[in-house]
Amino acid sequence: MQVLVLNSGSSSIKYRLFEDHVDGLLLRARGLVERIGESTGRAEQVVIAHDGTTSEEVDDAPIPDHAAGFRWIVSRLEDAGLADDLGAIGHRVVHGGSEFTAPTVIDEAVIARIEDQVPLAPLHNPANLTGIEVARELRPDLTNVAVFDTAFHGTLPPAAYRYAVPDRLLAEQGVRRYGFHGTSHAYVARRAAAALGRPEEELKLVTLHLGNGASAAAVDGGRSVETSMGLSPLEGLVMGTRSGDLDPAVIFHLIREAGMSPAEVERVLNRESGLLGLCGDNDLRTIEERAAGGDEAAQLALDVYVHRIRKYLGAYAAVLGRLDAVVFTAGVGENSDTLRAAICADLEVLGVRLDAARNDGLRASKAPDGIAAVHADDSEVAVLVVATDEEREIAEQTLLAVRS
Ligand code: AMP
């Protein structure tokens, strides 16, 4: 059987096709349809043969809507002979609220319950729903499964997920912490345990997903017990364009004193803040180059970014009561040796000691099996760099849901 994984955004669909093989899931195609609804579209697919060779196809014909994008994907997969045994589609859905803590086979009732979560994720869930609706309409023969970014954090205890606000705000408005990037945190935690050769049940890990979006999770015995994102993906670490933590009074101040509307404040905090707000760039590579050349704003952006992560690392060590490993993943975590070194500098208090030679130049994608250890031999805590693979995790979860 083949499993198609779809990540539908407002003007794009990212996808991967996996073949369920005796040796595990094999990636057979990956692609992207973007600029949906614009005058020129862009679509590309890379097909991966069993011997590892790849062939690429690019198309710039306009893609009027998501349905056309989905048709492009399926027809290209068919052309490549990869859709003959398509059995299921796994959809990434950002917000499952308190409703969904496991991958869920989609029917009308599930769609209605995902729609109920839209007020919690107005920037994300509508596009995810569009992808689901298009897939169900065009391929009613396939099983569709929703895999939620929030689900892995369904194990957060009340002490971690409650905000100190009146009960009625939780009961009536769902105001609590949910956490995101769950598929990534779950995946790298499991891979880290395998690399350490220990059962996940006995490990206490902090996983750092540092990409354009960024979040930390404390994982105790394979279960998420604390994470840095909250009601929305805005809380927590400094991100590419999101502020992460700030005093909520900043929002009232901006509305009252700067005359900004709630929508403007939301835009500024989501799209104009974070690294971009601090230094005018949100790509870590560019910022590191600028900082290396003596640019003070870029250096400050890095300092704020690193400071916030270190604060969370210390807090999560306290939450866990012991630390077995710190796991770096996503674009920055997997690739930036300098950021990893800055985050782990002088962390003997937590038992963390990096090995400079192991860390220098290390990129997860170049490491065998996408995983490497970068701690010193005498470090009490392992420091691992793991290539995340959210789509593979979604495919695994989809198969689990289909088979259960
Ligand atoms: P992601 O959202 O996981 O794709 O991560 C995107 C972020 O990873 C961007 O800020 C990139 O600048 C950053 N990134 C990717 N490669 C590198 C690299 N070699 N060094 C530093 N940052 C990187």
Side-chain angles (χ1 to χ4, degrees), residues 5 7-10 12-16 30-32 34 44 46 92 94 123-124 149 180-189 191 207-217 227-229 233-234 236-244 270-293 295 297-306 308-309 327-345 354 356 358-367 370-372 374 384-394:
V5 173
N7 183 353
S8 306
S10 56
S12 70
I13 310 174
K14 290 187 197 131
Y15 69 99
R16 297 219 172 167
R30 60 171 186 270
L32 168 67
E34 57 186 346
E44 59 182 56
V46 176
R92 175 182 183 221
V94 168
L123 306 178
H124 298 98
D149 262 25
F180 298 85
H181 290 144
T183 47
S184 180
H185 288 293
Y187 177 80
V188 299
R191 299 250 15 233
T207 50
L208 297 171
H209 177 108
L210 309 177
N212 218 348
S215 66
T227 191
S228 57
M229 285 176 167
L234 186 55
L237 305 181
V238 176
M239 308 181 215
T241 64
R242 287 178 228 149
S243 62
N270 276 290
R271 302 202 185 284
E272 296 175 12
S273 298
L275 295 166
L276 181 70
L278 285 163
C279 74
D281 270 308
N282 63 324
D283 189 309
L284 233 307
R285 276 165 297 202
T286 315
I287 299 170
E288 286 188 326
E289 281 166 24
R290 281 177 50 190
D295 183 319
Q299 187 57 53
L300 176 69
L302 293 179
D303 291 347
V304 177
Y305 183 86
V306 168
R308 185 84 51 89
I309 294 168
V327 183
F328 284 94
T329 193
V332 179
E334 292 175 25
N335 294 303
S336 176
D337 49 2
T338 48
L339 258 290
R340 289 192 300 259
I343 291 163
C344 294
L354 214 61
R358 288 177 185 151
N359 183 54
D360 281 357
L362 184 102
R363 306 181 66 162
S365 61
K366 303 278 185 269
I371 187 159
V374 293
L384 302 175
V385 182
V386 183
T388 194
D389 194 341
E390 291 171 273
E391 291 84 4
R392 179 177 296 274
E393 180 70 10
I394 292 173

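Counting convention: from 1, in listed order, for ligands and their atoms alike. The figures here come from the full heavy-atom set of this structure, side chains too, leaving out hydrogens, waters and symmetry mates.
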Q. Protein residues near ligand 1, heavy-atom distance below 4.0 Å?
A. Gly211, Asn212, Asn282, Asp283, Leu284, Arg285, Glu288, Ala330, Gly331, Val332, Asn335, Ser336, Arg363
Q | Ala301 to Leu275 - nearest heavy-atom pair and separation | A | O-CD2, 3.8 Å
Q) Can you name the side-chain contact (heavy atoms from CB on, under 4.5 Å) partners of Ser273, sequence neighbours left out? A) Ser243, Val268, Leu269
Q.
Among residues at least two apart in sequence or on other chains, which ones pass salt bridge (charged side-chain N to carboxylate O under 4.0 Å, His left out) with Glu272?
A. Arg267
Q. ring-ring contact (aromatic ring centres under 6.0 Å, His included) with Phe180: which residues, sequence neighbours excluded?
A. His95
**Q.** Main-chain N/O of Ser365 paired to Glu334 side chain as donor or acceptor, under 3.5 Å
**A.** no
Q. What are the two closest non-hydrogen atoms of Ala186 and Glu393, and how far apart are they?
A. CB-OE2, 4.1 Å
